[in-house]
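This report concerns only the one structure given below.
In what follows, chains are A, B, ... by sequence order, proteins preceding strands, each numbered from 1. Owing to the predicted nature of the structure, the values given are computational and were not obtained by experimental measurement.
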There are 2 protein chains.
Amino acid sequence: MAPHGTGAANPDRLLDHPERADIRLEAVLHACADPMRLLIIQALAADPSTACGEIGLACSKSTATHHFRVLREAGVITQHYRGTAKINELRREDLDAVFPGLLDSLVAAANKQSGKTTEPGSLRG
Amino acid sequence: MAPHGTGAANPDRLLDHPERADIRLEAVLHACADPMRLLIIQALAADPSTACGEIGLACSKSTATHHFRVLREAGVITQHYRGTAKINELRREDLDAVFPGLLDSLVAAANKQSGKTTEPGSLRG
DNA sequence: CTCGTAGTTCGATGGATCTCGTAGTACGGT
DNA sequence: ACCGTACTACGAGATCCATCGAACTACGAG
């Protein structure tokens, strides 16, 4: 038996995302309750469609993978491959539909706390 | 030496609360990311100034104490004694000042998810 | 095919966290 | 003074979580 990566478990490189209806508030909050993941969210809010590596996360690659996964499984972000890179996006529409206003106040709070100036106009593409 | 409760550590029954400026977003989110504590928050949102025991929590008393403490130390609620009862209140003003809109969307999300009808008069003015 | 880049998986470790029962303190009434 | 109610503090057990390094897969370019 191969000691690692049982290989080809997902040949098309597709990723599982929870349906909109399956997004749970506790999971979303838990996902956001981590400084590293909050950073990711801020980065994606400022810059949609960013690859994992493009966000300068101060941790190892495996840790980064872990955090992105937590966010995806909670329904906060979507991920899809683009060549060798993995592109991340906030699930704005879904989150707004399920928990109206939550994401916005969350991002605003994160930006405020980190002293970021989310200048008016950059919020929406 | 008394094996438990070193007694009179706080003769006036005063409780430590973080200052408004010391409230951290991660801590607030983490505090809210628990079903039990989310229940407490919903209860306090619907009914300010409630004693610990008045919320029908499905857990032991020591566990309840623990959850209330987490909420207090995160800056989500205040607690003060009134006779033998301990009264809890949401720190609405402080939270609104530090993270505008967050508490409202949080409570609304919790109510929505739990199918609670947030009294058609209290939310929309 | 080979190499480099991007990200994953596994396994381990150390630290939080949840939960509880038991034993304790504080207050208010009788 | 005594008792009951309300809640706390401690200690233990179980589980979860963040983090890492090492080994691995997948894709693209030359």
Side-chain angles (χ1 to χ4, degrees), chain A residues 1-16 24 26-40 49-74 77-88, chain B residues 1-16 24 26-40 49-74 77-88:
Chain A
M1 357 7 207
H4 268 154
T6 325
N10 197 348
D12 286 333
R13 303 293 97 194
L14 294 178
L15 295 156
D16 252 13
R24 301 241 76 216
E26 309 89 324
V28 170
L29 293 178
H30 173 245
C32 299
D34 179 282
M36 207 76 91
R37 295 195 286 263
L38 219 38
L39 260 182
I40 295 176
S49 295
T50 308
C52 291
E54 292 191 76
I55 306 173
L57 250 17
C59 66
S60 73
K61 282 173 151 198
S62 42
T63 302
T65 296
H66 163 70
H67 286 308
F68 280 107
R69 188 198 319 208
V70 170
L71 286 169
R72 172 169 49 85
E73 291 183 341
I77 65 173
T78 58
Q79 302 189 284
H80 61 95
Y81 281 95
R82 178 141 155 182
T84 150
K86 196 178 208 168
I87 307 297
N88 307 280
Chain B
M1 48 284 242
H4 268 151
T6 325
N10 196 348
D12 286 333
R13 303 295 97 194
L14 295 178
L15 294 157
D16 253 12
R24 301 242 75 216
E26 310 90 320
V28 170
L29 294 178
H30 173 246
C32 299
D34 179 282
M36 207 77 92
R37 293 195 288 261
L38 219 38
L39 261 182
I40 295 176
S49 295
T50 308
C52 292
E54 291 190 77
I55 305 172
L57 284 187
C59 67
S60 73
K61 281 179 156 197
S62 40
T63 301
T65 296
H66 163 70
H67 286 308
F68 280 107
R69 194 214 295 229
V70 170
L71 287 169
R72 173 168 48 86
E73 291 182 342
I77 65 173
T78 58
Q79 302 190 286
H80 62 95
Y81 281 95
R82 176 140 158 180
T84 151
K86 197 180 209 167
I87 306 298
N88 307 281

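A straight line from CG of B:Asn88 to P of D:dA6 spans 14 Å, rounded to a whole angstrom. What separates NZ of A:Lys61 from P of C:dG4 is a distance of 14 Å, to the nearest Å. Straight-line distance from the NE2 atom of B:His80 to the P atom of D:dA6: 17 Å, rounded to whole Å. Nucleotide D:dA18 holds its P atom 13 Å from the CG atom of A:Leu38, rounded to whole Å. Going from atom OH of A:Tyr81 over to atom P of D:dG28 covers 13 Å, rounded to whole Å. Per the geometry, CD belonging to A:Glu73 stands 14 Å off P belonging to D:dC16, to the nearest Å. Atom CD in A:Gln79 sits roughly 10 Å away from atom P in C:dG7 (whole-Å rounding). What separates CG of A:Leu14 from C1' of D:dC27 is a distance of 15 Å, to the nearest Å.
In this structure, the side-chain hydrogen bond (donor to acceptor under 3.5 Å, both in side chains) partners of B:Arg24, at least two apart in sequence or on a different chain, are B:Glu26. Remark: B:Ser49 engages B:Ile87, B:Glu89 in a side chain to side chain contact (heavy atoms under 4.5 Å, CB included) (not counting sequence neighbours). Residues that satisfy the side chain to side chain contact (heavy atoms under 4.5 Å, CB included) test with B:Thr63, not counting sequence neighbours, are B:Cys59, B:Ser60, B:His67.
In terms of heavy atoms, B:Leu38 sits closest to B:Cys32 at CD1-O, 3.3 Å. Closest approach of A:Val28 to A:Ala74, counting heavy atoms only: CG2-O, 3.7 Å.
Looking at heavy-atom distances under 4.0 Å, B:Ala64 makes no contact with the nucleic acid at all. Contact annotation for A:Phe68: no contact, since no heavy-atom pair falls under 4.0 Å across all strands.
Checking C:dG21, D:dA22, D:dA9 against every side-chain atom of A:Ser62, the shortest atom distance belongs to D:dA22. In this structure, the nucleotide among D:dA22, D:dA6, C:dG7 sitting nearest to the side chain of A:Thr65 is C:dG7. Closest to the side chain of B:Arg13, out of C:dA26, C:dT9, D:dC7, is C:dA26.
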What pairs of donor and acceptor atoms, side-chain ones from residues 51-58 of chain B against any protein atom, are under 3.5 angstrom apart with sequence neighbours left out?
from    : atom 1 : to      : atom 2 : distance (Å)
B:Glu54 : OE2    : B:Ala51 : N      : 3.2

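Contact annotation: side chain of A:Thr84 to base of D:dG28, donor-acceptor pair absent below 3.5 Å.
One finds the CD1 atom of B:Ile40 at 8.0 Å from the CE atom of B:Met36 (value rounded to the nearest 0.5 Å). With values rounded to the nearest 0.5 angstrom, B:Arg13 atom CZ is found 15.5 Å from B:His80 atom NE2.
For A:Gly83 and A:Met36, each mapped to the nucleotide of DNA chain D holding its nearest heavy atom, the one lying further toward the 5' end belongs to A:Met36. DNA chain D is contacted by both A:Arg82 and A:Ser60; A:Ser60 maps to the nucleotide lying nearer its 5′ end (nearest heavy atom per residue).
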Dot-bracket, 5' to 3', for DNA chain D please: Watson-Crick or G-U pairs under 3.5 Å, [ ] where pairs cross earlier ones, | where the partner sits on another strand, dots elsewhere.
||||||||||||||||||||||||||||||
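Panel note: side chain A:Arg72, backbone A:Asp16; a donor-acceptor pair is recorded below 3.5 Å.
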Look for any protein N or O under 3.5 Å of an N or O in nucleotides 16-18 of chain C and output each such pair with its distance, or none.
from   : atom 1 : to      : atom 2 : distance (Å)
C:dC18 : OP1    : B:Arg37 : NH1    : 3.0
C:dC18 : OP1    : B:Arg37 : NH2    : 3.0
C:dC18 : OP2    : B:His66 : NE2    : 2.6

Where do A:Thr50 and A:Asn88 land on the side chain to side chain contact (heavy atoms under 4.5 Å, CB included) test, with the steps shown first?
CA-CA 5 Å; A:Thr50 308; A:Asn88 307 280; 5.6 Å; no
